[in-house]
Each structure stands twice: as C-alpha cells, then as structure tokens.
Trainee: 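Pasting a structure here, questions to come.
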Amino acid sequence: LASFSLQEVLDAFKLCLSENKEVYLEHYVSGWRGLVKFLNSLGSVFGFISKDAVGKIKILEGYLEGDNSSQYATVQLMVKYELDNQLVDLTKRGNHPESGCRTLLRLHRALRWLELFLERLRVSGQDEKTSVMCADAYDQSLSQHHPWVVRKAAGLAFCVLPGREAFFQVMNVGSAEQVVSVLGEAVPLISEVYQITETLYAEQQLLQLP
Ligand SMILES: CCCCCCCC/C=C\CCCCCCCC(=O)N[C@@H](COP(=O)(O)O)[C@H](O)/C=C/CCCCCCCCCCCCC
C-alpha cells in the first residue's frame, strides 16, 4: 500500500472543480480515498471511522462504475438524476438507503470538519495539541449529526492522536514550514468544494437527508 501524501489529496481536490464550478465525483472520492489512507496509518483505534468512510466511498464508486455512470460524473448531475428519478429517500429511510445524495451528504459534512481541523492545524503553535484541535473542529461541525455514542467514541479516538510534530511527519510533505504552506493551499480549495456542494444541497433542500 502506498504511503499517504498530503500533496496527493490536495491534487485530487484541485481536480474536483470543473471550469464552471461543478464538482467531479471521481476526484471527490479519490480525495477521500487519500484521506482514509492517512487515517489508517494512525492505527486501529480509528478503524471504526475508517470503516464507515470506506463504506461510503465504495457506494459512490459503485455508482461511478455502474450502468448510469455518466449521470454521476458530477455532484450536480447526480443530484438532478437521482431527484428526477425518485432515487432518494427524502424524509425517512425507505427504498433508497444508499442513494448517492445521502451518502455524499455524510462525506460532505465530514469535509467541513476537515476544513476546520486543517485550518486550526495551519495556524497552530508548536505546543498545541492535535487532539484538542480535532475535537474542537468536530464539536463545531460533524458532531451535531452524530448520536451520543458516536460522539463519545470519536472523543476517545481523538485522545490518542499523535502530537503535532509526529502528525506533521505522517503528512509526508517535509518540514513544518512546508506543511503549513501546503495547508495554506489546501484549506481554501477544500472550503470552495464544500461551499459549492453546500449551496447546491441547500437549494434542493437536501441538507437533512435521512
Ligand atoms: C490531511 C491530513 C490531516 C487530516 C487527515 C484526516 C483524515 C481523515 C480521514 C477520514 C475522515 C473520516 C470521515 C468520517 C466520515 C463520517 C461520515 C459519518 O458521519 N457517518 C456517520 C453517519 O452515517 P450513517 O449512519 O448516516 O450512514 C456514522 O454514524 C459514523 C460513524 C463513524 C464515526 C465518525 C466520527 C468522525 C470523526 C471525524 C474524523 C476524525 C478523524 C481524525 C483523524 C485526524
């Protein structure tokens, strides 16, 4: 298995946006695949998180490789296709528990956590704890969508995150200065992809999909 590189994740999110600001699903998923590689390198405590993310990545990969793959080229196309064809459970779980729309929404919410966490890391001082930065970012975003038991498990996992220096090393981009500079490039990109998806989902009233 190739080791994680932040640059690779950055490249995937760069490729995510088309000229007219549509989000390519293929590169979105590939960005997440890279992130999961990172998570896996942190150890088995994060296994339950990684498992959930991989499950969702696989669902989306299935659509990308399936018979209707052209309808899944971008998030915009996917939303239109699934809504037009009644392929989304809108108010309660029903016949489409694994729609592309609801699956992507889970990763989309996690992307907001990532944006907040990476920004905290970027501006952090040498003595700051990654576990605190991660927990703060989680509390401000993803945690609102999780039941108590998941929040508790996530909180426990954060406690064993490596310290800032070791964390920067796993990122595999070089010195702390280089990490900060790559993060400076990554955060606005991730933020733009997030905002475009958020606006689309808000317009279509998809932000609370079960
Ligand atoms: C660039 C280097 C630094 C940052 C690297 C971070 C790497 C993170 C990689 C993956 C993040 C995992 C994304 C998790 C997606 C969670 C989706 C979700 O919310 N699923 C829940 C709802 O799903 P349904 O039941 O409705 O299908 C599900 O209940 C979740 C279960 C697992 C717990 C998720 C906790 C998430 C915590 C945030 C990630 C922390 C990773 C810390 C590593 C630095």
Side-chain angles (χ1 to χ4, degrees), residues 3-13 28-60 88-89 92-93 96-122 124 129-173 176 178-187 189-190 194 206-210:
S3 69
F4 171 83
S5 140
L6 179 60
Q7 192 60 50
E8 214 179 281
V9 172
L10 183 61
D11 291 344
F13 281 108
Y28 192 93
V29 166
S30 126
W32 276 108
R33 246 188 262 119
L35 288 164
V36 165
K37 246 196 250 173
F38 181 89
L39 193 61
N40 288 341
S41 71
L42 294 178
S44 56
V45 183
F46 298 90
F48 76 105
I49 303 176
S50 164
K51 204 169 151 209
D52 186 73
V54 168
K56 290 176 170 57
I57 289 169
K58 287 213 165 116
I59 293 172
L60 294 174
V88 187
D89 293 337
K92 59 176 177 18
R93 301 270 259 168
H96 307 288
E98 296 196 338
S99 69
C101 287
R102 70 88 61 193
T103 304
L104 186 106
L105 177 62
R106 273 44 186 190
L107 295 178
H108 167 70
R109 290 169 174 165
L111 198 64
R112 175 72 182 148
W113 159 78
L114 184 71
E115 178 194 345
L116 293 172
F117 177 51
L118 294 184
E119 178 57 16
R120 265 298 285 280
L121 264 183
R122 187 182 74 82
S124 63
K129 282 192 153 70
T130 47
S131 56
V132 174
M133 298 186 243
C134 185
D136 285 350
Y138 177 72
D139 290 344
Q140 287 168 36
S141 57
L142 199 48
S143 77
Q144 297 152 25
H145 304 285
H146 288 161
W148 181 86
V149 55
V150 171
R151 291 204 301 264
K152 201 78 198 153
L156 288 174
F158 297 158
C159 293
V160 301
L161 277 176
R164 185 175 174 275
E165 200 177 322
F167 201 89
F168 276 14
Q169 267 164 22
V170 190
M171 280 176 159
N172 216 2
V173 266
Q178 282 168 302
V179 172
V180 169
S181 133
V182 176
L183 285 177
E185 217 187 316
V187 174
L189 261 174
I190 289 172
Y194 175 83
L206 300 177
L207 286 170
Q208 300 301 331
L209 290 181

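One-based numbering, in listed order, for ligands and for the atoms of each. Below, all heavy atoms of this structure are taken into account, side chains as well, without hydrogens, waters or symmetry copies.
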Trainee: Drop me the distance from Leu118's CG to Trp113's CH2, to the nearest 0.5 angstrom.
Mentor: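 The distance works out to 7.0 Å.
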
Trainee: Could you list, one pair per line, each nitrogen or oxygen of ligand 1 together with any protein nitrogen or oxygen closer than 3.5 Å, giving atom names and the distance rounded to 0.1 Å?
Mentor:
residue: ligand 1; atom: 19 (O); partner: His146; partner atom: NE2; Å: 2.7
residue: ligand 1; atom: 20 (N); partner: Asp52; partner atom: OD2; Å: 2.8
residue: ligand 1; atom: 23 (O); partner: Lys56; partner atom: NZ; Å: 3.2
residue: ligand 1; atom: 26 (O); partner: Arg102; partner atom: NH2; Å: 2.9
residue: ligand 1; atom: 26 (O); partner: Arg106; partner atom: NE; Å: 3.1
residue: ligand 1; atom: 27 (O); partner: Lys56; partner atom: NZ; Å: 2.8
residue: ligand 1; atom: 27 (O); partner: Arg102; partner atom: NH1; Å: 3.0

Trainee: Measure centre to centre between the rings of Phe38 and Phe117, then say whether the value is under 6.0 Å.
Mentor: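 No.
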
Trainee: With rounding to the nearest 0.5 Å, note down the distance linking CG in Leu35 to CD in Glu8.
Mentor: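 These two atoms lie 10.0 Å from each other.
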
Trainee: Short question: side chain of Arg102, backbone of Pro210 - any donor-acceptor pair under 3.5 Å?
Mentor: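 Yes, the answer is positive, given that a donor and an acceptor are paired below the 3.5 Å cut-off.
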
Trainee: Within the 4.5 Å heavy-atom criterion, are Leu183 and Met171 side-chain neighbours or not?
Mentor: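 A side-chain contact under 4.5 Å exists here.
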
Trainee: Check this for me: Gln7, atom CD, are more than 12 non-hydrogen atoms of other residues, nucleotides or ligands nearer than 6.0 Å?
Mentor: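 Check passes, neighbour count above 12.
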
